Amino acid sequence: MSTELPKAYDPAAVEAKAYQTWLDEKCFAGDPNAPGEPYSIVIPPPNVTGALHLGHAINATLQDILIRMHRMAGYNTVWIPGIDHAGIATQAVVEKQLKEQEGKDRYAVGREGLVERIWQWKQQYGDRILMQLSRIGASCDWDRTRFTLDDMCAKAVRHTFFKLFKDGLIYRGKRLVNWDVYLQTSISDDEIYKETVKTSLWHIRYPIEDANRGTGFQPVLATSKLDQSTSSKSEHRPHGLEAHATDHPSHMTVATTRPETLLGDTAVAVHSQDPRWNWAIGKFVRLPLTDRLIPIIADDILVDMTFGSGVVKVTPAHDPNDYAVWQRHQGQPDQIDILNILNPNGTINEAGGPYVGMKRDAARKKMVEDLTAQGLLEKEEPHEAQVGHSDRSKTPVEPYLSDQWFVKMAPLAEPALEVVRNGTIKFYPERHAQQYLAWLGEKRDWPISRQLWWGHRIPVWSLYLHAPADTIPSEIAEYFGELGLQDDVFITVNPADDRHIQICTRTTRADRALEAMNRYYHLTGTPAIDPAQYADVVTSEKAWGIAYSIMAAPAADPVMRDPDVLDTWFSSALWPHSTLGWPDETAALKKWYPTSVLVTGRDIITLWVARMVMTGMYNMGTVDSKANRGTGFQPVLAATTDEKSDLSSTTNNPHGLEARATGEKLGIPFFDVAINPTILDGKGERMSKSKGNGVDPVDIIDTHGADALRFTLATMATETQDARLPVKKDAQGRNTSEKFDLGRNFCNKLWNAARFVLSNLEENKSTDPVDEARWSLPDRWIVSRFNRAVEEANGAIKTYRFDVYAKVCYDFFWRDFCDWYVEATKPAMKDPNRAAQTAHVLAGVLDGALRLMHPMIPFITETIWWKLNEVRPTRELPGRIATGFSERLIKAPWPTVGDFSQAAEHIFPKVQEIVGAIRNVRNEYKMDPKKPVTVAIAAPAEPTRQITENRQLVELLAICTLRDVGPEVKGAADAARATAAGCDVFVEGVVDANAEKERSQKRGEDLKKKVAMLNGRLNNAGYLAKAPPSLVQQTQDELAEAEAELAKLEVK
RNA sequence: GGGCGAUUAACUCAGCGGCUAGAGUACCUCGCUUACACCGAGGGAGUCAGGGGUUCGAAUCCCUUAUCGCCCACCA
């Protein structure tokens, strides 16, 4: 086998081979029974809607860096991959495709047909996403790949819903939705387009009633029945003239583009500071055409008193803003009613009195006529309005009050707030915690039902009786008892309606039991349904008997399953524990929950992160939930923050054993939340699939390689919230970006440096033992620099500063190792006395560097590693660089921080400075780059010794001959002069005296500026008095040095 | 409307109280010296968005204005 690396670095070949090797050897597989402290991550599941873009790539890269680094550091790691079913987004995409390809809408293929098609889509795009992750190099445990709609997740969803339902945390409530009256379904905001419609603005008079003057405000009783007309007649309202003693007007004028909604008005609102109207607050108006009295209320949010008449009609059931008014006034003294006036088909319902059964436009026309007839229409003006239309039916949508399921937030939110407030869960960067706290702090109940077909179906069945429930619930319970399913159902009577029985189910068996019951009801008399289908639940005649008696007894509607599905985020919220097997007590769940860190974007801190914390604590916490409320978790939260000291330690759990125990008890889903930057395109717009500006990471991998992609993305992972990435097309029309040249060049450099080192090691197979005493200055320096880099990298990774980690690697490897150390070894490797020790250092440092950089650029480092193992299996530098052997780099131990060499780190930079000064002069005078120049250096005693010791090094790196070094050395007449490291460097043989004069003049000016600046500082009394003494001393030293140099310049 | 953030070299970004403000790319000069031209050596380049303040000292902290971006709420 050739031990030589191919001359040219070919990312594609390197990547395919390395990845396949890792897969073949199951390097990514997590084993919960393996030793090591746990370190786990669950991937934020990408939406199955489409392909991944660079935003996903940065997210995946950062997670992979963490996983790989901790795997090397000896943790028991697992990274769980997966995909989100992304309810509405996916359904919309597939429906669009269906329309385009077959000209059908979803009703044409039906619920089951559509869901089937979405599954096909999922297969195709899900695979593509996983392929993309593999190409990036993600070391996910692919055997644990999850999908938010798979059986395992479904089980977790069912158990969570059931538990919440049982605990009374899920309830049925009203919510305004966008209603398509044609299709009779609600639609999402995304499915609405605005159309400008020419209509009118009608100004309608609402007569003011001056009743209740003495008694103050009386809230209207909340009722949706149309009984106001009778109740208002029964009330006694004196009509005294004194009611209008002032010149207050006798009516209010409201303007509306939808006069028919007047029927649903339950208040009119004015601004509390409006002098025209605030006297009327608490009084009533008589609602035209209905004879109802509705209150005049103050609402300063709704009403803009500088706009129009300053009076706004409030129709809570048919307008989002008015609905908000209703919500705001709930529980207040001026609480108002809410009244639905529409049937699902858009006609006026029984609340509409004489207009009942009319379509919207007809009702509008008739009402305008009636208002005109009664003299209540002040005027009608032409008006253009933006009206929302349904994308599906192309008809105007109606805001419509419908029944939805909600999760009560308060009891869940409080503990989730507390763990972030007290630092049990930390955000990186910290500021992102604010958004989390602000949003959760509102504790707005979470609407979880969606009128879609793609998703987890809500596991609640309804039975509407035509009389109050009575014994039915217990009979149903008995039925389930017969079937042995009593633990899988929870039966309750809707508190708002005692004829409505709700049956929440936890298993598909329970579902089938109800389904069978329903079938049987429909087929009374002919129970000839497919017995096989229900074999597991139809176990006895008795069960059938009970079912029959329930269904037959008080005339009832069939047992119907709720048609809606759950919000996508409901299943995502369970992700950290559902993927590990909850509700089963799996070994994986025990070992890896809580997970170590969540890496995600800041746009879903509220939608996702907050909800994971809530459900995690709710499902996984073992702390008494009552103790969680109110005061927080004092007893268990003592030790959280003081394990920050030892950044370099890799043997302890990153979150400390005690913190881990606390986390387990609380059930939190993760300890850290690391927010990665949002990737923007060149125009500063967020990269996203829907905008069409997403760049496929595979395109970049094709042009630059995966390691290059990863390296560049790591450098972009700063603490900023956005990272801009200008993109252009390459010759083949693929997306690419020069940004990634950085990573590609770095990898190329690494490849070539490794080739050079390997060829040197091949030529030097000496068995001479490592002997530090014989190391040169560069040897000691580079080893110390390596350990410094490891220390810095540890700190960077611990604080999720991936840009710092990348920069540390870049500077160490390219600047220190390649530019200086490798150059310095060239003569050393040719010197038989030094070659053996130099080879030891080269091997040891290359070994360490590969380990250090592997998490970020895994493919290339692994490939080089294999060759290094062949050429030189042992590379230990005792005390400095520990290099335990490993056949595969992915499993090699993470480098420890070895001893530093303070002296070498102090002296070597001085050599660099002197070399730099000589090179500068050579370049400025355009001297022949190959021809050595003669140099003399005037230096104090100590530097003289150091320079002399490293004479060869200076001569090599600066291409010069050192004529003389010492305290008394003088420069020749034709020498150019430079100052470096406190020494005077004379480069001889400069012919152009004028140029030299110019040069020293320029230098003199710089020095004068500096002297002036330093003097200014030192002449400032405040500076001397208040600045730290060491700083003042430093300023004085600098001044002395500058003045000395200036003096020499002027003497010459 | 609320919140978060950005504005530093031509571009993309570090630096977040004290080095003459840095990096990569681009640019200029020189060099194909047997690891690397996806390279090496050197160089030029910035009123740190504008204004005010705090401080001995501000790119860095505070206030303010402007422009841009993102999230949330909303557009009778």
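Below, chain A is the first sequence line, B the second, and so on; all start at residue 1. What you see is a predicted model, and the numbers here were worked out from it, not measured in a lab.
Contact annotation: side chain of A:Lys930 to base of B:U33, donor-acceptor pair absent below 3.5 Å. The base of B:A41 lies outside donor-acceptor range of the side chain of A:Glu823, with no N or O pair under 3.5 Å. The base of B:C30 lies outside donor-acceptor range of the side chain of A:Lys926, with no N or O pair under 3.5 Å.
Within 4.0 Å of A:Ala754, counting heavy atoms only, lies no atom of the nucleic acid at all. Residue A:Glu1038 is classed as a sugar-phosphate contact, given heavy-atom separations below 4.0 Å to backbone atoms only. Contact annotation for A:Arg258: no contact, since no heavy-atom pair falls under 4.0 Å across all strands. Within 4.0 Å (heavy atoms only), A:Thr720 reaches sugar-phosphate atoms of the nucleic acid but no base atom. The residue A:Thr718 sits close only to the backbone: its heavy atoms come under 4.0 Å of sugar-phosphate atoms, none of a base. Counting any heavy atom pair closer than 4.0 Å across all strands shown, A:Ala438 reaches no nucleic acid atom. A:Ala753 comes within 4.0 angstrom of a base, heavy atoms only. At the heavy-atom level, A:Arg724 lies under 4.0 Å from the strands shown only through sugar-phosphate atoms. A:Met1013 comes within contact range of the sugar-phosphate backbone alone, with a heavy-atom separation under 4.0 Å but no base atom that close. Residue-level contact check: A:Leu1031 touches the bases, meaning some heavy atom is under 4.0 Å from a base atom. Across all strands shown, A:Tyr810 has heavy atoms under 4.0 Å from sugar-phosphate atoms exclusively, and none from any base. In this structure, A:Asp1006 reaches neither bases nor backbone, as no heavy-atom distance under 4.0 Å exists between it and the strands shown. Contact annotation for A:Arg431: backbone-only contact, meaning every heavy-atom pair under 4.0 Å involves sugar-phosphate atoms and none involves a base. At a threshold of 4.0 angstrom between heavy atoms, the contacts of A:Asp741 with the nucleic acid are absent.
For the pair A:Lys7 and B:C36, the criterion of a side-chain N or O lying under 4.0 Å from OP1 or OP2 is met. Regarding contacts with the backbone of B:A41, every side-chain N or O of A:Asn920 stays at 4.0 angstrom or more from both OP1 and OP2. At B:A35, none of the side-chain N or O atoms of A:Asn760 fall inside 4.0 Å of OP1 or OP2 (strictly under the cut-off). Between A:Trp814 and B:G40 there is a side-chain N or O to OP1 or OP2 distance below 4.0 Å. Using a 4.0 Å cut-off, no side-chain N or O of A:Lys739 falls inside it from OP1 or OP2 of B:C11. For A:Gln435, no side-chain nitrogen or oxygen approaches OP1 or OP2 of B:C4 to under 4.0 Å. For A:Arg815 and B:G24, the shortest distance from a side-chain N or O to OP1 or OP2 is below 4.0 Å.
A distance of about 10 Å separates the P atoms of B:U7 and B:G15, rounded to the whole Å. B:C70 and B:G31: their P atoms are spaced 49 Å apart (whole Å). Nucleotides B:U65 and B:A76 place their C1' atoms 33 Å apart, quoted to the nearest Å. When the P atom is compared between B:G50 and B:G46, the two are found 15 Å apart, to the nearest whole Å. B:A9 and B:G44: their C1' atoms are spaced 11 Å apart (whole Å). For B:A14 and B:U60, the C1' atoms lie 13 Å apart once the distance is rounded to whole Å. Comparing B:A45 with B:C61, their C1' atoms sit 30 Å apart, to the nearest whole Å. B:A66 sits 8 Å from B:A49 when the C1' atoms are compared, rounded to a whole Å.
The interatomic distance linking A:Gln434 (CD) with B:C4 (P) rounds to 6 Å, in whole Å. Put simply, CZ on A:Arg602 is 7 Å from C1' on B:G5, counting in whole angstrom units. In this structure, A:Asn923 atom CG and B:G43 atom C1' are separated by 8 Å, rounded to whole Å. Protein atom CD1 of A:Ile679 is 12 Å distant from nucleotide atom C1' of B:C13, rounded to whole Å. Going from atom NZ of A:Lys749 over to atom P of B:C38 covers 12 Å, rounded to whole Å. For the pair A:Arg755 CZ and B:U34 C1', the computed distance is 11 Å after rounding to whole Å. When the P atom of B:U33 is taken as reference, atom CZ of A:Arg919 falls 16 Å away, rounded to whole Å. Rounding to whole angstrom units, CG of residue A:Asn1020 and P of B:U55 are separated by 13 Å.
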query: Should A:Thr253 and A:Lys379 be marked as a side chain to side chain donor-acceptor pair (under 3.5 Å) after you check the CA-CA gap, both sets of side-chain angles, and the distance that decides it?
result: CA-CA 10 Å; A:Thr253 299; A:Lys379 60 178 171 180; over 6 Å; no

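For A:Asp319, the listed nucleotide lying nearest its side chain is B:A76; candidates were B:A76, B:A41, B:C39.
Figure legend: cation-pi geometry between A:Lys826 and A:Phe756, with NZ or CZ positioned under 6.0 Å from the six-membered ring centre and within 45° of its axis.
Residue A:Arg1003 is the one, among A:Glu738 and A:Arg1003, whose nearest nucleotide of RNA chain B lies closer to the 5' end (criterion: closest heavy atom).
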